[in-house]
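So you know, we letter chains A, B, ... as the sequences are listed, proteins then strands, and number each from 1.
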Amino acid sequence: MSANSGIVDILKKVFFIDLIKGLSLTFKYNVSKTITIRYPDEEKWIPYQRFRGLHTLNRDSQGRELCVACELCSKACPTKCITVIPMEDNTGIGITDRVAQVYEINLVRCMFCGLCEDACPTTAVRMGREYELACFSLDCAKADKHRLLAPIEIPAEFEGGYVVKAKLERNKEGIRVRPDLTKKKRWW
Amino acid sequence: MDINTLIEVALITVKVILVSSILFALPIPLTWIERKVAGHIQLRLGPFRVGWHGILQPIADMIKLMFKEDIIPDKADKWLFKLAPIISLVPIFLTFATVPVGDKITVLGREITLYISDMNVGILYILAVAGIGVYGLIFGGWASNSKYALLGSMRSSAQMISYELALSFAAIGVVMVSNSLSLVDIVNSQKVSTWNICYQPLGFIIFIIAGLAEINRIPFDLSEDEGTLAAGYHVEYSSMRFSFFMLAEYVAMVLMSVLAVILFFGGWSGHAILPPIVWFLIKVSAFIYFFMWVRFTFPRYRYDQLMTIGWKILLPLSLVNILITGLFVI
Amino acid sequence: MADEEDEVETVFIMATVKINGKEITVEDGTLILDAARQAGFEIPTFCYQARLSGLGSCRMCLVEIAGQKKLQPSCVTPVLHGMDVFTENETVKSARASMLEFLLANHPLDCPTCDKGGECELQNFVFKSGPRQSGFSEWKRRFHDKDKILSPVIVKNHNRCIHCERCVRICDEVVGAKALGGIGRGVMIQSTGFMDDRLDCDHCGNCIEVCPVGSFMSLPYRYKARPWDLKEVDTVCPYCATGCQITIGIRNGEVVRVKSRINTGINKETLCARGRFGYHFIQSRDRITKPMVKKDGKLAECSWDEALSVIKQMFGSGRRTAGIASARYTNEELFVFQKLVREVFKTNNIDLDSRFANKWVTSAMIDACSLAAGGIPIFDALKADLIFIIGSAVSDENPVTDYLIRTAASDRRKTLIIAHPRRMKLDSSSAISLRYKPGTEGEVIKGIADFIENGGESTSDINAAAARFKNASNITMFLGAEILRLANGVDVLTGIAALKALLKRSGKNIKCLPLFDRCNQRGARAMGIHPLFLPGLKKVKEDGMDCGEMLDAAKKGEIDSLYVLGEDIVSMHPDARFAREALSNIKFKVVQDTFLTETAKIADVILPGASYAEKDGTFTNQEGRVQRLRKVISPVGDSKDDLDILCSIGGFAYKSAREVFEKIKKEVAGYKDISFEELDGNGAIVTGHGRQSLSLKGTVPLLSGSDNSGQQSIKEDKEYPFLLITGNHLFHSGRLSQRADILMQLLPEPFVEISEDDARESGIVDGEKVVVKGNGYEAAMKLRIAKGSQKGVAFVPENFDSVSVNMFYKKGEGIPRVKIVKLP
Amino acid sequence: MELIFFYIFAIVALASAIAVISIRNPVHSAIFLMVCFLQVAALFVLLRSPFLAAVQIFVYVGAVMVLFLFAVLILDLGRERFGEYLHHQSPIAIIVVVGLIFVIGLGLARGKLDAPLGKYTEAELVKNIEVTGELLYTKYVFPFEVISLLLLVAMVGAIVLVMKERK
């Protein structure tokens, strides 16, 4: 067997079998479809629901803020990037009379671990699927309550895990890639 | 001097300008193609944002290179440092003086050769002049006064000397078969019989491998081994001087493809449905693609492996090839 | 006078018990819980509070006693000799877990929105020993959806109540307000005032402090922070001379709450309204934040360098200079201040503006209370079987001292006698409340002394009190600061000294404690802020002028430069007009203060100082207890630590309060054994300054009548029927507290308080708007009726800029007379 | 025309040859030596010997000089080293050089250095590869073999030397 395999080896070397195998594989790749997502020009990846992107502050079905400013998220935060300052409010914008006066996440320090989400007793804090967080000035490195409460583009029900058609938009604030959730395809 | 001589001189001048400008312009599409090929082989798309499918990317790169700061290291040998890119570029351009892209064609009743000069020592000349290009690398590395650059240049020069032998011997096989050193004659001889690849398969393989090494491409690009040498001999270069080195490398790749086509694949000969020059271009393009394909398929050899292959395998094999060819020819 | 007394020998019967196998010997009658704590075993409890009566309602402290089938509540079960107690075995643990499960059956799990979350005793116990699962699935008890705001400072959430009744008991037994009670039965008990009203509430917030859960919450602190956000620093309350330990919590540099700590300081877990809620002045917007210099008749902000150079240039030296300090500054600052005045300005004209007192009265007070003889811990003083208070509405002036006295007086073996014209809360604990007309304190003392010496029928109140004096063997006298303000204060104090001597002759132990209204009044005197005394109460060679004399001299143009450290002379000195006039006569006045007071407004240079939360140092309270102030925040704006300011003016090289304290230790004998670093919650009592009596009698004008003020104001006056007494209100202290927003919510405007009889006679009802007239000044305010106050006496709190009560005073006339007219 | 080129090449060759020995920097010297070789190659072309020209470039410029440079680069010779070796030899060298110039000048004056043209025509010379090959393997076979043998010996010697060092 050893002699046999020796001959086979030599033959393999002589006829560059391995090299040809390699070359044929790469050639196959060359002509096959690419897996590149043409982000941000034409396509955008919509992550799964479990994705941990920019936080959102949620509201209940009546539109009241779920956040009760208990600061458990800021306590749980390993990077101490969440600042919560509670206040009293009787106008009913929150589910209790305790609402956040300041809710600010320092995105530069945030490592998107999701512990805030786990700590939240009212499911007010959720990690969303927004991941385009780059911008032209450091202002946007801080996500304030207003920004976190703003309605998100991708509805929570949307399953995710798709590549969708998207449009690149440039304006003064920065660049946004607006997805078109109706035209979706699996990534692979 | 009569009018004919003047026209000849004028024609040669035109051809020289044409060839040089083509050679200067060639790397522009080639880099784009190379990056595209790289992308697709790696299941990517390659450049995509500048122009249609990124076609203007090389232009953008070129503009960038032009406007980059030209940095000369403080302790560098300034004279040699400036000279080195030119030394690497000029010889490779000179080789194209004798490269034929086709036989004669007749325009306005005048025969025009599709080459600048048909030397009777053509192949020898090409190999000799191309060998000078190594000085660019050596000087570039040495003049930079940088250890990475010096190591890169040492490697590449040693590599080029080692593989030049095998390359030349592989070519000698063809010369023996064709009975001429002139490239035009070699092509013409293949028109009569079949392509030399059929007579010289071993020679072809040696030629291609040694050629890859000669033009410093993967898997033999040890001179610019990013992993160990940062970038090799041109690590200290920037701006246009850097692009000269790049230019030289691309032209060398074209030269190697052209040589392979001429020596082993019958040059411009082909079926009559297409004009000879198109056949020639198709073949050369195929080889260029092959070189790119190889680049993105194989990993780099270790330096000792490189030397082993060069001296212990390719050189003896090429000698064997000459021996066998000699026996057949006689 | 501590060394004049023999320690009372008490023989305790001891009992030896085994707790978890560990033998411990404790006093017989000790509760098992206390014994276990002494042995080092922690027993969880909600309802137990050391100074409160035992209740045993929460059942958390159940322990197993060998030989008894049922578990016993350790917080109400005293030890018996030979007892074998188990506090950590499985039965006890499971009982605890079940108790917590029961408590959680009705306790809402709204911890995220509860202010107590994070420092909640229930939370902690549940985490430590609670069940991890509950078997209850029924609805939770729910009284209301929204929290109830009971007062400007207290918020109540009945749903969270676990019926430990600590709040009810502390309100009843310690504070004496009796504002809280349990309404409803069983699990539906709500601890609240009647109809959720808190008519008698002192707003002291002690219910908040003792509440183990978030049932009582502080409104100013509501939703401001969570406990873990806070940086907490222990320091001392600056409002009165009781010297309560407080803990200031700051968040992001903002003071958000003041609290007391269980078993810390003499106040333990209690505080009064101003201590707990009076912190808003620290970061008030009205604070002076930049030095100011008068240019062209107007105050203009300037740099520190400029202000200091102006002072160096303009401030004279010698007899024509003077310095007046406030007793709200730390010992260190006052020490450096007297150094500045004596060494740099080269004058002995230095005094506190004790508002009404001349230097003879203040030194007589020092003598009468034996301040030079070292401090007497108040708990020692309260062990006496007779406690006599004169000259202080202690419930208003020193509320926490009031709590301490009330707790002590609840012992039936003790007698409490209060002598004051006004009714006060503590009267309910007293055996005898002597009413007298202001200015006749001397007669009260004389009456008591006469009865003791000569005997007689115990018909009158005074005689009844004197009879109690006779029967008592240990007597503690509390002398209020009001005596200092009397024109005949020296007489009264001499009388008290005589009474003391008399009692001592009859073999009784006498202790005498002052009740001061400024936090560091005692310390200030010891630091030499007195025209007659150097630090350590050493007599000066050449007497200086006291505050009144300085103003007299100023009026005559004999004072050129005056340095005022944090005192508002114009607002506080009797006869505001005179004070203003006199000060205007002084060429160069420097005021170092935190607010733009009336005095500061007429100053030539104003230096912004620091509030008590912004500096290090020590206060000496009325007992002689030295306590540490700690820096909580940096001085606001451009203001500076007062010590730094004084040092840079005087060119002293002290870098910190600690260094000054080291110097004080060398110069003031009573402080020599105190270590600045080791001052903890309990402080340290000063020792004697090396002499017991100042023996100034030879120089003091002794008898009434010889005093230049005279007694004419005591005479009846038909047109102006009321004698006006002024002082601090429960919610206010000096003019500082009106800068604290919350205190201003509690009492936003002054009132006039008269007795029920007077009100009936003049036909004015409670709450009616009246005008108080006198000395050419009149002010409108609300009327309050105090049942049981002395007839013909009116009281107006002195804490408001809106009604400047010192306008009623006339220089040299003693207690003013006013009339009260119903507003048409 | 040819003469013009000849003079250009000759002058450049001489100048670069002088530069080779006069420049202190060994690498720069090597460059000038390379230039010199290239000029010589060009002169071969003028002499209708493209083969020799190509071989000149191939062997001397492409291989020998690279090895030269290799050594220079590896050894990192100091710039002043060359000077030191010449200390005691300069008088002798000057005498030798002067003698050589004298001898060459004498030869030129007498016309003794006039090399005869071969029997080959211009057309044949263009195909000089065949001519060269033929001559090498016929007329000059013995010297050729001798040189081959010498080179072989040199090679073997070099290898032996290296092998020894390894042990």
What residues of residues 76-95 of chain A sit under 4.5 Å from chain C when you count only heavy atoms? Val84(A), Ile85(A), Pro86(A), Met87(A), Glu88(A), Asn90(A)

Please determine, by modelled atom types, if Asn157(C) and Ser215(C) share a side-chain donor-acceptor pair under 3.5 angstrom. no

Between the side chains of Lys259(C) and Glu232(C), is the shortest nitrogen-to-carboxylate-oxygen separation below 4.0 Å, so that they form an ion pair? no

Tell me whether Lys145(A) contacts the main-chain N or O of Ala100(A) through its side chain, where contact means a donor paired with an acceptor under 3.5 Å. yes

Point-to-point distance, once rounded to the nearest 0.5 Å, from SG of Cys272(C) to CG of Asn206(C): 8.5 Å

What are the two closest non-hydrogen atoms of Gly53(A) and Phe112(A), and how far apart are they? O-CD2, 3.4 Å

Has Arg251(C) got a side-chain atom pairing as donor or acceptor with Lys224(C)'s backbone, closer than 3.5 angstrom? yes

Any chance you could lay out the salt bridge (Lys or Arg N to Asp or Glu O under 4.0 Å) test for Glu614(C) and Arg287(C), step after step, and finish with the verdict? CA-CA 13 Å; Glu614(C) 293 152 27; Arg287(C) 278 283 293 271; 2.8 Å; yes

So for Arg226(C), is it side chain, backbone, both, or neither that comes closer than 4.5 Å to the heavy atoms of chain A? both

Segment of Asn252(C) engaging chain A (4.5 angstrom heavy-atom cut-off): side chain

Of all the residues in residues 109-136 of chain C, which have a heavy atom that comes within less than 4.5 Å of a heavy atom in chain A? Pro112(C), Thr113(C), Cys114(C), Asp115(C)

May I ask you to decide if the ring planes of Phe143(C) and His158(C) are parallel, tilted or perpendicular, using 30° and 60° as cut-offs? perpendicular

Only one of Arg276(C), Arg261(C), Arg257(C) forms a salt bridge (Lys or Arg N to Asp or Glu O under 4.0 Å) with Glu209(C), so which one is it? Arg276(C)

To the nearest 0.5 Å, tell me how far Arg160(C) CZ sits from His107(C) NE2. 7.0 Å

